[in-house]
Number of protein chains: 2
Amino acid sequence: MSAVKKTYAHAVIATDVVIFTVEHGVLKVLLIAMKKHPHEKHWALPGGLARGEEGLEDTANRHLFDKTGVRDVYLEQLATFGDPKRDPFGRVVSVAYMALLPSPVLRLKTTKEYAGVAWFPIAKVPSLAYDHKKILQFACERLAGKLSYTNIAYGLLPKEFTLSELQSTYEIVLGHRLDKRNFRKKLLVLDLVKSTKKYRRKGAHRPAELYRFTRHTPMVVEVL
Amino acid sequence: MSAVKKTYAHAVIATDVVIFTVEHGVLKVLLIAMKKHPHEKHWALPGGLARGEEGLEDTANRHLFDKTGVRDVYLEQLATFGDPKRDPFGRVVSVAYMALLPSPVLRLKTTKEYAGVAWFPIAKVPSLAYDHKKILQFACERLAGKLSYTNIAYGLLPKEFTLSELQSTYEIVLGHRLDKRNFRKKLLVLDLVKSTKKYRRKGAHRPAELYRFTRHTPMVVEVL
DNA sequence: TCAAAAGTGTTCATGATACACCCATGT
DNA sequence: ACATGGGTGTATCATGAACACTTTTGA
């Protein structure tokens, strides 16, 4: 690439991953505590530089795996943030991804690069390094939007779940309540979920039937 | 950036811009004819490297301006393509944008870097360099999708236009016919367009009333 | 027997679709 | 006078929204 003119500075490519999960009735996002100057003690989205021969999605998956140990979860490119001043060290262009986890990973792995890893309820996210607040904001909007017109909710739920759990997930992400009967009717008539004939008993009430998503591949369907 | 490890290769950032317009009943895209090895005589999307202190959108706008001479048109980031092998010269990460022009620019400017610039009907696009076919495909889907649930059609039409022209634009992009009465009713009840009380006479038939978009800022509205 | 969540249908309002004729003009 | 595209309203159908009670269990 020696032919590139001097005005065309090489940049560093990074990915940042917004990892969502739903737990205890709240939407949570995974953040890492930074160690390096000038962001000591600041929280940030997990992510980092892309390696030479690695695709962008591979980079996102690698950072996802490094922090959570999970693979093969829903992962989607969001947008690319390239403001020349977004990183004080130099030009870093960040390709943002969004990942969905069925349940929060309990054994989060911190690495020597970071001071810690933790889940934060969306409503309690502290101030973030770089432009990560903007990226998170973008991710939240995308998630809520896509839940309404796709089936990607499968990424947030375990293989088997009750319809109440599914409805709760929707309500938490969308931020408003839904009608139980209409919700169930819609998902069944769209053939997004199917019964497993199994039941889960939990607590002093009637057992709930367990369902599965009929497909675990993204598709656009008018859900709500 | 000397602290960056060797495995984290610096990459080159580029933008590629898919510039759409509608003319004579067909959707067209602007392509440039390449001169440089190994793509002599190949067509490609306009675009190129980002400069050091330039935002990504600025880069897209600059390339757009260089080829067409227009500014301040609808421009939207599509996605980022970063396959390590997408450019034989080395790692080039391309941030793809989509631009909409109200009418084809007549005086296209070629530069010494390129052998030519031309509009191609979507159905007659030749084979393209790099992964530009994939980018173009992505752009086409995005455009059709967004026309259905936003008002961005304003980017494809002049300030004043007839409802027939607007409907025709929708039909061309979406690839199917629409009902005239329902279409007009919908756009008016959504308050997307308003009459100018002016009329355009053209041909042996009743003159058509001219309309304007009430807003020239993107907004999501269920159009169709 | 009580509390707590699961499960289940119908009515009504709204929006989408289908459809055909008259109007103003240029030649 | 005729050919051409511009302009207009209604009836029907499908979909979304609102709404309350019975069931099963554990304590």
Side-chain angles (χ1 to χ4, degrees), chain A residues 22-25 144-145 147-151 153 157-158 160-172 174-212 220-224, chain B residues 22-25 145 147-151 157-158 160-172 174-212 220-224:
Chain A
V22 171
E23 186 192 26
H24 299 147
L147 226 47
S148 306
Y149 69 89
T150 71
N151 64 340
L157 288 148
E160 303 192 339
F161 50 86
T162 69
L163 288 185
S164 295
E165 289 170 341
L166 179 56
Q167 179 177 345
S168 166
T169 300
Y170 268 87
E171 290 176 341
I172 289 159
L174 297 180
H176 60 87
R177 304 223 52 184
L178 299 169
D179 180 90
K180 182 163 49 160
R181 282 173 286 193
N182 294 337
F183 180 77
R184 297 159 100 94
K185 199 191 312 172
K186 197 66 189 290
L187 289 180
L188 288 168
V189 79
L190 287 176
D191 195 37
L192 290 186
V193 295
K194 65 168 191 288
S195 163
T196 66
K197 310 280 188 187
K198 288 190 278 187
Y199 292 84
R200 172 192 296 162
R201 52 174 65 188
K202 182 188 183 189
H205 54 83
R206 179 171 173 174
E209 188 163 10
L210 294 171
Y211 286 77
R212 290 170 174 261
V220 300
V221 185
E222 207 59 40
V223 182
L224 299 183
Chain B
V22 170
E23 186 192 27
H24 298 146
L147 225 47
S148 305
Y149 70 90
T150 72
N151 64 340
L157 289 149
E160 303 192 339
F161 51 86
T162 69
L163 289 185
S164 295
E165 288 168 342
L166 178 57
Q167 180 176 345
S168 166
T169 300
Y170 268 87
E171 290 176 341
I172 289 159
L174 297 181
H176 60 87
R177 303 223 54 185
L178 299 169
D179 181 90
K180 181 162 50 160
R181 281 173 288 191
N182 294 338
F183 180 78
R184 298 158 98 95
K185 199 192 311 173
K186 197 66 189 289
L187 290 179
L188 289 168
V189 80
L190 287 176
D191 196 37
L192 290 185
V193 296
K194 66 168 193 288
S195 162
T196 66
K197 310 282 186 185
K198 289 190 276 186
Y199 292 84
R200 172 193 296 162
R201 51 175 66 188
K202 181 189 184 190
H205 55 82
R206 180 171 171 175
E209 188 162 10
L210 293 172
Y211 285 78
R212 291 170 173 260
V220 299
V221 185
E222 207 59 38
V223 182
L224 298 184

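Convention: sequence-line order gives letters A, B, ...; per-chain numbering from 1.
- For A:Asn182, the side-chain atoms get nearest to D:dA18 when compared with the rest of D:dA18, D:dG6, C:dC19.
- Between A:Phe161 atom CZ and C:dA6 atom C1' there is a gap of 16 Å when expressed in whole angstrom units.
- Closest to the B:Ala204 side chain, of the nucleotides D:dG7, C:dG26, C:dC19, is C:dG26.
- Protein atom CG of A:Leu210 is 12 Å distant from nucleotide atom P of C:dA6, rounded to whole Å.
- Of the residues near DNA chain C, B:Gly203 and B:Leu224, the one whose nearest nucleotide (by heavy atom distance) lies more toward the 5' end is B:Leu224.
- Atom CD of A:Glu222 and atom P of D:dA17 are 11 Å apart (whole Å).
- A residue-by-residue look at B:Thr162 and B:Arg181 shows that B:Thr162 has its nearest nucleotide of DNA chain D further toward the 5' end.
- The base of D:dG7 sits with one of its N or O atoms less than 3.5 Å from a complementary donor or acceptor on the side chain of B:Lys180.
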Between B:Phe183 and B:Leu163, is a side chain to side chain contact (heavy atoms under 4.5 Å, CB included) present by the stated rule, with each step listed? CA-CA 9 Å; B:Phe183 180 78; B:Leu163 289 185; 5.5 Å; no
Candidate pair A:Tyr170 and A:Leu178, rule side chain to side chain contact (heavy atoms under 4.5 Å, CB included), full reasoning: CA-CA 8 Å; A:Tyr170 268 87; A:Leu178 299 169; 3.7 Å; yes
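- Residue A:Arg200 places no side-chain atom within donor-acceptor reach of the base of C:dA6, judged by atom type and a 3.5 Å distance cut-off alone.
- Atom CZ of B:Phe183 is separated from atom P of C:dG15 by 19 Å (rounded to the nearest Å).
- One interatomic measurement links the two molecules: CZ of B:Arg206 to C1' of D:dT4, which rounds to 13 Å at whole-angstrom precision.
- Remark: C1' of C:dA4 and CZ of A:Arg201 are 16 Å apart, rounded to the nearest angstrom.
- In the region residues 184-199 of chain B, proximity to DNA chain C at under 4.0 angstrom, judged on heavy atoms, holds for B:Lys185, B:Lys186.
- Put simply, the side chain of A:Val223 does not reach to within 4.5 Å of the side chain of A:Thr150, judged on heavy atoms.
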Between B:Leu190 and B:Asn151, does a side chain to side chain contact (heavy atoms under 4.5 Å, CB included) hold up when you go through it step by step? CA-CA 10 Å; B:Leu190 287 176; B:Asn151 64 340; over 6 Å; no
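- When rounded to the nearest whole Å, the span between CD of B:Glu171 and P of D:dG5 equals 14 Å.
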N/O donor-acceptor pairs under 3.5 Å from side chains in residues 200-209 of chain A, not counting sequence neighbours:
from, atom 1, to, atom 2, distance (Å)
A:Arg200, NH1, A:Glu165, OE2, 2.7
A:His205, NE2, A:Lys202, O, 2.5
A:Glu209, OE2, A:Ser195, OG, 2.4

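- Side-chain N/O atoms of B:Ser164 include one lying less than 4.0 angstrom from OP1 or OP2 on D:dG6.
- Here D:dG16 presents its C1' atom at 13 Å from CG of A:Leu178, a figure rounded to the nearest Å.
- Applying the side-chain hydrogen bond (donor to acceptor under 3.5 Å, both in side chains) test to A:Lys198 and every residue at least two apart in sequence or in another chain returns A:Glu160.
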For the pair B:Tyr211 and B:Leu188, evaluate side chain to side chain contact (heavy atoms under 4.5 Å, CB included) and give the outcome as yes or no after the intermediate values. CA-CA 10 Å; B:Tyr211 285 78; B:Leu188 289 168; 4.0 Å; yes
